[in-house]
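Notes follow once the structure below has been shown.
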Amino acid sequence: DLLTSVNTPEAQKAIRQILASDTAKNDPRATQLLQRVGFIDQPDKETMTFMKDRYANAKATKNKNDRLASAFTLGSVASHSDKVESREVVESLKKDLKEAPPEETALYLRALANTSSPMAFGTFQSYATSADPQVRVAVADALHEPPLPESLELLMSMVSDQDRDVQQK
């Protein structure tokens with residue numbers, strides 16, 4: 001946590017080196033350590049590239065835990081990146097959401113929500129009436145950021161949802 005709060009290129013390089021080490025990869029808390037990257041307020045291009053590569057590698061090796069942790073973290077990093085990088089991440093996560101197995105839909109919606117991108121609103125809107133209450137909860141959580149007039153309207157429609165967890169969001 002200390003290195004993520006320093007927010008310098010040197011600290012980010014150190015974080016990337018630590019996370020790329022065999023020690024970190026084999027640590028039982030590896031996914032939790034990886035998600036700390038999402039706390040970096042001003043990620044540099046190398047950190048964005050590191051996260052994109054980490055996510056791509058986790059998908060290629062079919063490492064579910066690393067893939068989901070990388071997706072969450074990539075979304076967070078994108079929320080602090082320039083518009084071009086953020087747009088690429090949003091499009092990638094939207095594509096992966098469509099291809100995700102049903103049990104991962106809510107998780108990918110949360111990763112997409114981490115981007116805080118208004119470009120994701122249409123996706124959230126399309127899942128707001130899902131038969132799965134966990135998906136609807138993820139949508140309700142996602143609609144808090146960014147604050148769009150359409151988000152409030154959709155949230156208000158979800159207040160009458162049949163599932164109490166959705167209503168409470």
Side-chain angles (χ1 to χ4, degrees), residues 1-101 103-124 127 134-135 137-148 151 169:
D1 288 345
L2 179 62
L3 284 175
T4 62
S5 66
V6 174
N7 220 11
T8 64
E10 295 81 13
Q12 289 183 51
K13 182 178 181 181
I15 291 167
R16 292 189 306 268
Q17 288 174 336
I18 291 167
L19 291 172
S21 73
D22 287 338
T23 302
K25 288 179 185 176
N26 295 322
D27 190 298
R29 301 164 297 165
T31 57
Q32 295 161 336
L33 296 171
L34 179 64
Q35 289 179 316
R36 294 296 188 231
V37 175
F39 294 124
I40 297 172
D41 286 335
Q42 298 171 344
D44 57 25
K45 289 199 179 293
E46 291 82 5
T47 297
M48 175 58 88
T49 300
F50 174 82
M51 284 312 309
K52 285 180 176 179
D53 291 348
R54 183 74 179 249
Y55 181 55
N57 184 57
K59 288 191 315 183
T61 60
K62 300 185 186 327
N63 182 331
K64 179 181 176 180
N65 290 337
D66 198 36
R67 176 175 45 84
L68 293 172
S70 296
F72 292 145
T73 307
L74 185 57
S76 295
V77 171
S79 74
H80 300 292
S81 297
D82 66 49
K83 289 182 181 182
V84 173
E85 292 280 1
S86 180
R87 185 179 311 118
E88 289 174 8
V89 171
V90 168
E91 292 305 319
S92 174
L93 290 173
K94 284 168 52 174
K95 177 184 172 288
D96 292 343
L97 168 62
K98 287 180 184 176
E99 297 171 357
E103 66 273 9
E104 293 181 8
T105 300
L107 299 170
Y108 268 98
L109 286 167
R110 292 183 190 286
L112 188 57
N114 282 352
T115 67
S116 297
S117 174
M119 293 175 21
F121 177 76
T123 301
F124 299 137
Y127 283 92
Q134 292 307 311
V135 169
V137 167
V139 168
D141 280 341
L143 293 175
H144 295 124
E145 290 291 331
L148 300 170
S151 297
K169 290 296 170 182

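Just so you know, residue 1 is the first one in the sequence shown, and it goes up from there.
The CD atom of Glu91 lies 10.0 Å from the OG atom of Ser86; values are rounded to the nearest 0.5 Å. Atom CG of Asp27 sits about 9.0 Å away from atom OG of Ser21, to the nearest 0.5 Å. Rounding to the nearest 0.5 Å gives a distance of 12.5 Å between CG of Leu107 and CG of Leu112. Rounding to the nearest 0.5 angstrom, the gap separating the CG atom in Asp96 from the CG atom in Leu74 is 9.5 Å.
Under a 4.0 Å N-O distance rule, the pair Lys45/Asp82 qualifies as a salt bridge. Under 4.0 Å is where a charged nitrogen must lie from a carboxylate oxygen, and between Lys59 and Glu99 no such pair does. Using a cutoff of 4.0 Å between basic side-chain nitrogens and carboxylate oxygens, Asp44 and Arg16 are scored as salt-bridged.
Here the closest non-hydrogen pair linking Leu93 and Ala111 is CD1-O, 3.8 Å. The two residues Ala78 and Thr115 come nearest to each other via the heavy atoms CB-CG2, 4.3 Å. Minimum interatomic distance between Ala106 and Ala138 (heavy atoms only, all atoms of both residues): O-CB, 3.7 Å. When all heavy atoms are compared, the tightest approach of Ala142 to Ala113 is CB-CB, 3.5 Å. When every heavy atom of Phe124 is checked against every heavy atom of Leu109, the shortest pair comes out as CE2-O, 3.6 Å. Summarising the geometry of Met51 relative to Leu34, their closest heavy-atom pair is SD-CD1, 3.8 Å, with the distance given to 0.1 Å.
With contacts defined as side-chain heavy-atom distances shorter than 4.5 Å, the pair Val77/Phe50 does not qualify. Contact annotation: the side chain of Ile15 approaches that of Ile40 to within less than 4.5 Å [non-hydrogen atoms, C-beta and beyond]. Residues Phe72 and Thr31 are not in side-chain contact: their nearest non-hydrogen atoms beyond the backbone lie 4.5 Å or more apart. Taking 4.5 Å as the limit, some side-chain heavy atom of Leu19 sits within range of a side-chain heavy atom of Arg54. Using a 4.5 Å heavy-atom cutoff, the side chains of Thr73 and Arg36 are not in contact. Between Met48 and Val89 the shortest side-chain heavy-atom distance falls below 4.5 Å. Under the 4.5 Å side-chain criterion, counting only non-hydrogen atoms from C-beta, Asn114 is not in contact with Ser79.
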Query raised in the report: Which is it for Lys62 and Arg67 under the side chain to side chain contact (heavy atoms under 4.5 Å, CB included) test, yes or no, and what are the steps along the way?
Result: CA-CA 8 Å; Lys62 300 185 186 327; Arg67 176 175 45 84; over 6 Å; no
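Remark: side-chain polar atoms of Asn57 are not paired, donor with acceptor, to backbone N or O of Asp53 under 3.5 angstrom.
Using a 3.5 Å distance cut-off with no hydrogens or angles, the side chains of Thr47 and Gln12 do pair a donor with an acceptor. Between Asp66 and Tyr55, the side chains place no donor N or O within less than 3.5 Å of an acceptor N or O (distance only, hydrogens not considered).
Heavy atoms of other residues, nucleotides or ligands lying less than 6.0 angstrom from NZ of Lys94 number more than 12.
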